[in-house]
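All residue numbers refer to positions in the sequence shown, counting from 1. Both counts, for ligands and for their atoms, begin at 1 and track the order of listing.
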Amino acid sequence: MKFIIAKHLEITGSTNEDARSGVHGEVFVADAQTAGRGRLNHSWHSAPKRNVIMSAVLSVADLDFELAATFPLVAGLSVAEAVLGIAGVGAPVAVKWPNDVMWNGKKLAGILCQRHGDLVVCGIGVNVLERDFPEEIKNRATSLALEGVECSVEAVQSRILDVLGDNYEEWRRNGFGAVLQRLRRYDFLRGKYISVYQDDGGAHPTSGLCAGIKEDGTLDVGGVSVAAGEAHVDFVVGMRKGSKDET
Ligand code: BTN
């Protein structure tokens, strides 16, 4: 499927809100947001005109609830594949379940999928030209420019929409299995000791050795299937957390 840019605003609150008025195949783009939203009630920082800020509207009508629930992972794979296509084979791109896109262990892109009836609003933020992150995320965030990849915001945006459109069709046609095979190549958490938290409070995480993403899109953490949450790496086998080789 091909997406259509329905609206491109200089500034808006959140493109995920704008996209609530959209129909299947429409994309809402902005140069800046005043109330950019992240997963689990986080906010999303993005300086004007430096990064991809867009929300695509996709139909999940007629899909099983279980299949529809795997869409956020399809979105994460799509952004990772698009970035790899731009940066070239061998670029250290990974997907941190459910759909953070990482570069060498730092966050390059975030995705917020919100379901509204038969539609999913898929909000995507990719750090492209940003070189100066706020102090509190400086050590955890990166951009294509900081990693030496020269590319315009528009080029990244259109590459992602091409890949997302193709992957969405494949996912609808063949189910999550085919997509999962490719997603596993990018799995950032598999083989690491992790804790998955349900909220910012940090209480009662599920902790253990991560065995990767399962057929239903949940994460295997020490034999327990986790359906949602935010994962933190506690320990990488053979490497102390915080050592200079840590990924
Ligand atoms: C996250 O990593 O927590 C998800 C971040 C999602 C950010 C994008 S930017 C475009 C769209 N509009 C929003 O308000 N959020 C998403």
I need the atoms of ligand 1 closer than 4.0 Å to a non-hydrogen atom of [X], numbered in the order shown.
| X | answer |
| --- | --- |
| G125 | 8 (C), 9 (S) |
| G36 | 14 (O) |
| N16 | 11 (C), 12 (N), 16 (C) |
| D100 | 2 (O) |
| G38 | 1 (C), 3 (O), 4 (C), 5 (C) |
| I53 | 10 (C) |

Considering only non-hydrogen protein atoms, determine which one is nearest to [atom] and report residue, atom name and distance to 0.1 Å.
| atom | answer |
| --- | --- |
| atom 15 (N) of ligand 1 | R37 O, 2.7 Å |
| atom 2 (O) of ligand 1 | K107 NZ, 2.5 Å |
| atom 10 (C) of ligand 1 | T15 OG1, 3.3 Å |

Treating Ile, Leu, Val, Met, Phe, Trp and Tyr as nodes and any side-chain heavy-atom pair under 4.5 angstrom as an edge, say whether L67 and L77 lie in one connected cluster.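 Yes, L67 connects to L77 through the hydrophobic network.
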Is it possible for you to say whether L144 and L84 belong to one hydrophobic cluster, with membership spreading through side-chain heavy-atom contacts below 4.5 Å? yes
Is it the case that [X] and [Y] place a side-chain donor and acceptor less than 3.5 Å from each other?
| X | Y | result |
| --- | --- | --- |
| K214 | S225 | yes |
| N167 | R182 | yes |
| D216 | T218 | yes |
| H8 | D31 | yes |

Considering all heavy atoms, the nearest S46-I53 contact: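 Scanning both residues completely, I find the closest heavy atoms to be OG-CD1, 3.5 Å.
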Check: W44 N/O within less than 3.5 Å of ligand 1 N/O: no
If you measure every N or O of H42 against every N or O of ligand 1, does any of those distances drop under 3.5 Å?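 No; the residue has no nitrogen or oxygen that sits under 3.5 Å from a nitrogen or oxygen of the ligand.
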With heavy-atom distances below 4.5 Å as the criterion, would you say the side chains of Y168 and C122 are in contact?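 No, their side chains stay 4.5 Å or more apart.
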At a 4.0 Å cut-off, with the gap strictly under it, does some heavy atom of E17 reach an atom of ligand 1?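 False for this residue.
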Compare R39, Q33, H45 and give the one whose heavy atom is closest to atom 13 (C) of ligand 1.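 That would be Q33.
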Select one of side chain, backbone, both or neither to describe which atoms of L40 lie under 4.0 Å from any atom of ligand 1, heavy atoms only. neither
Record the part of S55 in heavy-atom contact with ligand 1 below 4.0 Å; permitted values are side chain, backbone, both and neither. side chain
Using ring centroids (six-membered ring only for Trp), state whether H24 and F3 fall under 6.0 Å.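 Here the rings of H24 and F3 have centres that are no less than 6.0 Å from each other.
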How far does CG of D166 sit from CG of L164, to the nearest 0.5 angstrom?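 So the CG of D166 and the CG of L164 are separated by 9.0 Å.
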